[in-house]
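Worksheet for the structure shown next.
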Protein chains: 2
Amino acid sequence: MNSNLHVVILGGGFAGLQAAKSLRRADVDITLIDRRNFHLFQPLLYQVATGELSPANISAPLRALLRKQQNARVLLGEVQDIDLERQVVRLTDRELAYDFLVVALGSVHHYFGHDDWEKIAPGLKTIENATEIRRQLLGAFEAAERSLDPEEIRDLLTFAIVGAGPTGCELAGTIAEIARHTLKNDFRNINPADARIVLIEPSEYPLDVYSQPLPSKAAKALQRLGVELVTCTRVTDIHQTHVELLTVGNEQPWRINTRTVLWAAGVKASPIASSLLRQTGMASARGGRIPVQSDTSLKSHPNVFVVGDLASFNHDEKGDLPGLAPVATQMGAHAAKCIVADLNDKSRTGFRYRDRGSMAVIGRYSAVGVIGGWKFHGFVAWFLWLAVHLMYITMFRNRILVLVQWGWTFLTHDRSARLILDGPTTSIPQLAEATGWDNDSAMPHVESTAQETES
Amino acid sequence: MNSNLHVVILGGGFAGLQAAKSLRRADVDITLIDRRNFHLFQPLLYQVATGELSPANISAPLRALLRKQQNARVLLGEVQDIDLERQVVRLTDRELAYDFLVVALGSVHHYFGHDDWEKIAPGLKTIENATEIRRQLLGAFEAAERSLDPEEIRDLLTFAIVGAGPTGCELAGTIAEIARHTLKNDFRNINPADARIVLIEPSEYPLDVYSQPLPSKAAKALQRLGVELVTCTRVTDIHQTHVELLTVGNEQPWRINTRTVLWAAGVKASPIASSLLRQTGMASARGGRIPVQSDTSLKSHPNVFVVGDLASFNHDEKGDLPGLAPVATQMGAHAAKCIVADLNDKSRTGFRYRDRGSMAVIGRYSAVGVIGGWKFHGFVAWFLWLAVHLMYITMFRNRILVLVQWGWTFLTHDRSARLILDGPTTSIPQLAEATGWDNDSAMPHVESTAQETES
């Protein structure tokens, strides 16, 4: 049995995990390599960032998912490089030879040449991103409650979200709901409902991947939630205290004062892409993605497949496939199918994406989307969104827990996963800095028994 | 209304939170100060450390808990010092004057003069402790799976827990269950059931706060779970690779090779205690605690109450009260009662702890405890333990979620909160270091297609 061919899969996201699962009956030995010990259900990551779900609710241990699949093993490891000629994957501490390779390492945030923005404006890709965003959001309300300066309070309660794609809309809508409902009576000095949520988008409408009327429906839904929609506007710079903007048709730059900027504007291929492009001599596609053959393999190396966000698949004249979970899942399955075809000396088929639809949620009760060619919006779309996401989340236990938490939040507006965590950054010096208090320079402020608290 | 007296409460644990709640009808302005924005249900912290519950399941936002209590406000802040003479609390960035002060800052780990052990052997007090322990436990299995050296694998799969009090027994029992059941089929190179779980205790029995036969029942329950009980033995030193031990009646020191040491051996008063002791000229009680009057106030400063783990209450000839949640809760309520008495010009009463019982769980199906003077052990005690903890956990939503997760784990042995998180420490160089692999010095290990995987 030890003469089986070795399939190495890089990445345990939707594409990589599906590739491994689709090979369950194949006579191969599979090694799935991921930096993390869990598969992440990314479509619900924004609900962790906004305190509705816990990280474990949208994660499933990779080992548990592949427990019964005896031809697969999981290896925790960070991929340093791939050597296409020697057919080895280089990890931090060892090399691993492969017969077939499935590269499913996904995408990272794209700050369009302004990598320094990343520190100020976190994106939403990992569990750590989500808890960091949660920390910043809740920390801003806490700092505002402590502040005595009205101007500072206003800036602290201004939240700017860059990019009105699905993630941007989900974040903006949910933050609006938190401010207006969840935190309603939590503070004594500030009114969380005063929060300003600004969604900045270079094109004319939010969610412009959809055709009308969905984008204009989305715009209306966002405005109903109290989100300020700033369209036709580009971010030209991001600072700790403000963002600089430029609106089409107006050459005067302007700014929004804010202490919290979230990045939902774009992704690019994982860094491994440049090495693969260099070795194959190919030009990169949009966002640094790797152009793949119609069977999802590399032209020069048919035993290497690139699937998911990392791949640029452009074979049906509809343009690149979008970076969605269903695309990744189907590509992963297809790569597996090609490997099985090779093992059986059959010919490979071309990949075709079966578009069953996609959706984006905009706060409570509202969503837009297309399913099976039908356009949906409003409450019906929102309900479909819930059902579909509940159906697809990995592991049955997570399904129960997510259902209970959604039901509870729906009924009460309460979000109990509102933990400000993550070690030293949560200490008060950090908050003090954010609010302009300074231990050394400020006059000690001794409050008398005459409290500002109302009773 | 602004002439109300100002009650400042330091700490949002069981004692502080209860003090605030018990003052809900009093004509006072309350400021509750905590470093964190949530109240933590510490008795279930070990279930976060062992991947059964998520941090948010045992936490409740302090603001949400006090939302409806209009005379209370919550302030996130780190207490630097208390000035008893000037009646102010000094935070990092401001001072706060008080008329009444309730100090409920709890305890920290006690390494008995070996503070350097803390880095190697984490204790279990905070959410961060719990996720760190979870990371170490799961990381050890991952590193063992990657290792090729049988001796190293054996050390990685040895888990030493220092101290067989309630926390030590809970941890040891649960780790045994994880190794034997939860991870059963998750690995390909190691057998998690080979794990050695060693519980080290200086006295003759585990849980020796209880009277017999409970300690010997506990010992049997632990052994049934496969925990090695090393009694009458002190830890004399802790290293990255081993612990050094000395057993009573044997002058020869010995060692256990292990990469994972967990500390459950003792706590001492929060650092603020030494400042209070110095200002009052009192001698510290056991573990640096602060001796309090029979009404839980300071002798020299009757408007200052010390409650919970920080207080040494020794007025009924039974010795110090234990550091348990019910003790803290009742003390907090009593301090509030004394403040109300003062406001109404009535005389204060002395505090009496109403001991309704206590329990410790030892793995699945088994616990020992005393309730209302009755001793329980085995399955009945375990079931009572579940019921009591479910009843007392804060917030109704947490109750539902914890119930669902306990039910699921009970039925399937599955623990889905098995995330190795926490940023940079999770990267593989860390694991590589732990296993002795080294990127620079080790020969690249190129695996051939002849896999060690069975198929």
Side-chain angles (χ1 to χ4, degrees), chain A residues 1-2 4-6 29 37-38 54-56 59-61 63-64 67 70-71 73 76-78 88 92-97 99 127-128 138 142 185-186 188 395 397-398 400-401 404 408 414 416-421 423 427-429 431-432 437 439 444-451 453 455, chain B residues 1-2 4-6 29 37-38 54-56 59 61 63-64 67 70-71 73 76-78 88 92-97 99 127-128 142 185-186 188 395 397-398 400-401 404 408 414 416-421 423 427-429 431-432 437 439 442 444-451 453-455:
Chain A
M1 290 308 243
N2 276 348
N4 279 343
L5 294 180
H6 188 204
D29 291 326
N37 72 330
F38 53 86
S54 281
S59 312
R63 293 195 185 284
R67 181 180 294 154
Q70 283 298 326
N71 68 348
R73 62 168 190 167
L76 243 66
E78 188 117 32
V88 294
T92 319
D93 60 310
R94 61 171 75 176
E95 290 188 345
L96 216 62
D99 298 300
I127 287 282
E128 283 79 7
L138 299 172
E142 292 293 341
N185 298 308
D186 275 14
R188 300 290 178 259
M395 299 196 106
R397 165 160 131 159
N398 284 343
I400 308 173
L401 292 172
V404 171
W408 185 263
D414 181 44
S416 75
R418 292 202 328 257
L419 279 55
I420 304 184
L421 284 184
S427 71
I428 288 309
L431 277 182
W437 288 320
N439 208 15
H445 169 74
V446 180
E447 299 190 4
S448 72
T449 54
Q451 281 291 300
T453 317
S455 62
Chain B
M1 292 306 244
N2 276 348
N4 280 343
L5 293 179
H6 189 204
D29 291 327
N37 72 330
F38 54 86
S54 279
S59 312
R63 296 196 183 282
R67 180 181 294 155
Q70 281 299 325
N71 69 349
R73 62 167 189 165
L76 242 67
E78 189 116 32
V88 294
T92 319
D93 59 311
R94 60 171 73 178
E95 290 189 345
L96 216 64
D99 299 300
I127 287 281
E128 282 79 5
E142 292 292 341
N185 298 307
D186 275 15
R188 301 289 178 260
M395 300 198 104
R397 166 161 129 158
N398 285 343
I400 308 172
L401 291 172
V404 170
W408 185 263
D414 181 43
S416 74
R418 288 196 339 247
L419 278 56
I420 304 183
L421 284 183
S427 71
I428 288 310
L431 278 182
W437 288 322
N439 207 15
H445 170 73
V446 181
E447 299 190 4
S448 72
T449 53
Q451 283 291 300
T453 317
E454 297 133 34
S455 61

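Convention: sequence-line order gives letters A, B, ...; per-chain numbering from 1.
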## Note on the structure
Nearest heavy-atom approach of A:D186 to B:R67 is OD1-NE, 2.6 Å
### Query
Which answer fits A:A64, side chain, backbone, both or neither, if we ask what part of it has an atom under 4.5 Å from a heavy atom of chain B?
both
### Query
Can you name the nearest heavy-atom pair linking B:N37 to A:L138, along with the distance?
ND2-CD1, 4.3 Å
### Query
Contact part of B:L401 toward chain A, heavy-atom cut-off under 4.5 Å: side chain, backbone, both or neither?
both
### Query
Nearest heavy-atom pair of B:F38 and A:L419: which atoms, and what distance?
CD2-CG, 3.9 Å
